[in-house]
Amino acid sequence: MTITIAHLTRRFGETEVLRGIDLSVEKGELVALLGPSGSGKTTLLKIIAGLDWPDAGVLEVNGEDWLQKKAQDRRIGFVFQNYALFPHMTVRDNIAFGLTVRPRDTRPAPAAIAGKVTELLQFLQIPQLADRFPAELSGGQRQRVALGRAMAIAPELLLLDEPFGALDAQVRRDLRRWLREVLQQAGSTTIFVTHDQEEAFELADRVVVMGAGRIEQVGRPEEIHDHPATPFVARFLGMTVELPVTLHAGRAGAPGLDTASLPRVAMADGPAMLFLRPTDITPVPDPQGRFTVADVTSTGALLRLRLKDDLTSAEPEIEIARRLAPPLRAGARIHLRPEAGRLFPATAGIPPAVAPAIKALKESSL
Amino acid sequence: MSHLDVAPGALAPRESRTVPRLLIGLALVMTALFVVVPLVYIFHRAFAAGWGVFVRNILEPGTLHAIWLTALVALITVPLNIGFGVAAAWALSRFEFRGRKTLLTLIEIPFSISPIIAGICYLLLYGRTGLLGPWLNEMDIKILFAVPGIVLVTMFVTSPFVVREVLPLMQAQGSEQEQAAVTLGASGWQIFRRVTLPNIRWALLYGAVLCSARAVGEFGGVSVVSGSIRGQTLTLPLQIELLFNDLNTVGAFAAASVLTLLALVVLVLKTVMEARR
Ligand SMILES: Nc1ncnc2c1ncn2[C@@H]1O[C@H](COP(=O)(O)OP(=O)(O)O)[C@@H](O)[C@H]1O
Ligand SMILES: [Mg+2]
């Protein structure tokens with residue numbers, strides 16, 4: 001099951017939700033669609049499933065044009081964000097649904113269906129829930145049932161929309177590990193949607209970062225983490241500290257910054273923007289420093305410093321392990337030593353198309 | 001308001017109960033005066049001359065025919081309105097189309113228009129001198145002053161009941177379950193029968209019950225188009241009026257008690273369904 005998507009666009013009235021998506025997914029791959037809310041992830045997933053249709057573009061699976069194929073005939077497994085279980089059916093009947101609606105000539109015998117369902121219940125480790133109704137299940141249990149219902153039709157392609165979105169933090173982490181094992185054993189090609197980078201990085205072979213209807217970057221988790229391709233991806237992956245610097249012979253420099261630990265880059269001399277994770281910066285007490293500590297809060301493991309930049313009057317926030325932190329109080333002056341970061345040409349700025357997504361991102365993180 | 005519906009714990013401060021008790025008492029008295037007493041009085045009058053007279057009055061051919069005609073009208077209109085209601089709710093909740101807003105408003109019209117206006121419209125449309133009158137006359141189709149006219153007006157009056165119950169529910173539930181069924185390979189009919197219908201069944205029944213109550217009790221619209229032909233086009237409400245005008249009080253009350261009994265059955269069904277909805 002190889003999926004090829006090219007120049008896919010979708011608009012709802014005036015809003016362009018997908019602005020030309022190009023992506024291919026190989027057989028057996030586990031791909032994450034990662035992006036802020038509203039970036040078009042669900043829309044793309046629904047188009048692949050046949051629940052929505054693009055305005056233009058190509059969707060081919062194993063060389064076959066899937067835009068000519070109805071959702072019923074695509075045989076994909078779709079797990080909805082809120083699971084969409086059938087409330088009036090037991091867990092067993094929910095899982096059996098896809099088999100019982102087959103046309104008579106391809107429908108398995110009732111005993112075969114029951115056997116298949118029992119097998120799936122075992123596989124998903126929920127045999128004790130067989131006769132319950134969805135209303136009697138916890139969020140995590142519902143998710144397993146929804147997965148079981150999708151897997152019952154033996155789909156070659158599994159599509160999961162925010163599979164952990166409706167669960168609390170601890171359950172999320174447990175289920176993530178479990179899901180990875182299940183998917184590995186099942187061996188189906190899987191695309192899942194998430195807005196949580198940790199989830200995407202932990203589960204996926206390949207991560208596709210989406211912003212405002214475009215693909216910003218495709219790559220392995222470490223690749224994306226260390227080398228975000230665009231300012232948008234850098235910001236989305238938590239590089240929230242942005243400092244203007246000047247490049248000279250591949251080295252970044254700015255007053256009040258000790259950039260000795262940053263590697264040289266192959267970029268033209270001139271102004272640039274340095275993107276940093278709050279945890280990749282060491283504050284160094286310095287009476288002549290460019291930054292003033294505005295206030296210090298502790299999260300237990302970390303100290304969070306809100307700084308005042310005397311040069312640009314920005315207010316960057318940095319974090320440092322409390323054990324390693326130098327004694328700092330509000331009012332202290334410091335300079336900063338970035339340990340790792342990413343440089344982008346300052347002139348490029350932010351492409352206008354990405355700006356709304358960043359705004360949405362900022363709003364959603366508030 | 002809110003402090004009344006939480007059960008106070010042992011340590012809750014005691015509040016004066018005088019005002020709530022007074023209001024509850026007032027509500028009970030008003031209900032008894034305006035609702036219970038008249039209802040009981042209907043049965044009292046119907047049975048005033050004893051069981052035998054009551055039964056004789058019910059079995060009187062005119063009244064019996066009226067009961068039969070009323071049942072017939074309800075049996076035709078209610079299923080048709082269930083079909084129409086589900087179809088309209090499906091279309092309105094699942095699709096965006098031109099004229100959707102207009103349809104939403106149009107569906108409510110029978111609620112806001114007096115039924116007698118519906119009756120008069122049908123009169124102007126199908127009457128001898130009406131728009132379709134000459135053509136109908138030629139084809140020898142009788143609509144006015146006959147059962148078809150009564151059915152049409154009743155359908156008009158009762159058409160919003162099912163949609164009104166089903167539509168909000170279908171909108172609230174959204175279409176995700178149906179989409180899930182699609183990805184699992186279900187056909188349109190399978191989705192409707194196995195996913196949509198079970199989800200709306202109580203709202204649907206509730207709407208059908210309200211629809212039946214109204215179909216059985218409709219007076220104004222029907223009285224315009226029925227022509228009040230004795231033993232032919234009189235529904236139960238019209239028959240009651242006729243008996244009254246004939247000064248046959250016991251007969252009128254007997255017929256009225258049948259109608260009231262139907263209403264009480266509906267009320268019980270409605271209460272049961274409200275709990276399950
Ligand atoms: N049926 C629809 N009609 C109108 N707008 C829609 C519809 N579905 C999605 N959108 C819009 O498309 C954008 C992307 O939605 P979605 O694909 O759900 O994003 P994501 O899943 O990344 O959060 C949103 O701004 C949303 O409001
Ligand atoms: Mg989404």
Side-chain angles (χ1 to χ4, degrees), chain A residues 12-13 42 45-52 69-90 93-104 106-108 133-135 142 145-155 157-162 166, chain B residues 82 85-86 89-104 162 165-208 272-277:
Chain A
F12 292 109
T42 300
L45 212 60
K46 286 200 164 166
I47 288 176
I48 299 174
L51 297 173
D52 194 8
K69 217 168 166 176
K70 284 191 302 178
Q72 274 99 337
D73 306 325
R74 291 190 191 185
R75 258 233 191 169
I76 45 98
F78 198 106
V79 176
F80 285 81
Q81 188 165 2
N82 296 310
Y83 314 130
L85 295 176
F86 306 128
H88 53 282
M89 296 183 201
T90 61
D93 292 343
N94 263 283
I95 294 178
F97 186 87
L99 297 171
T100 55
V101 295
R102 291 255 181 94
R104 190 154 299 150
T106 60
R107 191 190 310 157
F133 286 92
R142 277 178 211 179
V145 176
L147 192 63
R149 185 179 66 177
M151 288 170 77
I153 60 170
L157 176 61
L158 259 182
L159 304 171
L160 314 169
D161 193 2
E162 305 263 1
Chain B
I82 288 177
V86 173
W90 173 285
L92 286 166
S93 67
R94 295 297 180 257
F95 303 102
E96 278 295 330
F97 52 91
R98 271 170 158 252
R100 186 175 168 275
K101 289 252 161 63
T102 320
L103 186 57
L104 265 172
V162 176
E165 294 307 319
V166 175
L167 180 61
L169 185 70
M170 286 185 75
Q171 276 172 332
Q173 282 179 342
S175 57
E176 279 207 339
Q177 287 178 37
E178 286 151 10
Q179 291 183 19
V182 167
T183 65
L184 292 167
S187 67
W189 173 245
Q190 284 174 323
I191 295 171
F192 177 72
R193 195 173 52 81
R194 299 195 44 191
V195 178
T196 313
L197 199 56
N199 270 320
I200 59 170
R201 60 186 189 270
W202 291 112
L204 191 60
L205 266 175
Y206 184 73
V272 171
M273 259 162 231
E274 240 157 24
R276 306 211 54 163
R277 205 149 52 116

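A note on names: the letters A, B, ... follow the listed sequences, proteins ahead of strands, and every chain is numbered from 1. As the structure is a prediction and not an experimental result, all values here were calculated from the model.
- Heavy-atom minimum distance, M273(B) versus Y206(B): SD-N, 3.6 Å.
- Within the 4.5 Å cutoff, no side-chain heavy atoms of E165(B) are placed close to those of L204(B).
- In this structure, chain B has no heavy atom under 4.5 Å from any part of K70(A).
- Using a 4.5 Å cut-off between non-hydrogen atoms, the part of residues 192-200 of chain B that approaches chain A consists of R194(B), V195(B), P198(B), N199(B).
- Contact residues of residues 175-186 of chain B toward chain A are E176(B), Q177(B), Q179(B), A180(B), A181(B), V182(B), T183(B), L184(B), G185(B), A186(B) (heavy-atom distance under 4.5 Å).
- Minimum interatomic distance between A89(B) and M170(B) (heavy atoms only, all atoms of both residues): CB-SD, 4.0 Å.
- The ring-ring contact (aromatic ring centres under 6.0 Å, His included) test applied to F78(A) returns F80(A), not counting sequence neighbours.
- Neither the backbone nor the side chain of L99(A) comes within contact range of chain B; no heavy atoms are under 4.5 Å apart.
- A 4.5 Å side-chain heavy-atom check between V101(A) and S187(B) finds every atom pair outside the cut-off.
- Taking both residues in full, the closest heavy atoms of I76(A) and A49(A) are given as CD1-CB, 3.6 Å, listed atom of the first, atom of the second, then distance.
- Across R74(A), R149(A), R102(A), R75(A), the residue that shares the most heavy-atom pairs under 4.5 angstrom with chain B is R149(A).
- Note that CZ of F97(B) and OG1 of T102(B) are 9.0 Å apart. Values are rounded to the nearest 0.5 Å.
- Of all heavy-atom pairs between V145(A) and I95(A), the closest is O-CG1, 4.1 Å.
- Judged by distance alone, with hydrogens and angles left aside, the side-chain atoms of N94(A) form a donor-acceptor pair with the main-chain N or O of M89(A) at under 3.5 Å.
- Proximity to chain B (any heavy atom under 4.5 Å) is restricted, for L51(A), to the side chain, taken from C-beta onward.
- In this structure, the side chain to side chain donor-acceptor pair (under 3.5 Å) partners of E162(A), at least two apart in sequence or on a different chain, are H195(A).
- Considering all non-hydrogen atoms of both residues, G50(A) and A71(A) come closest at O-CB, 3.5 Å.
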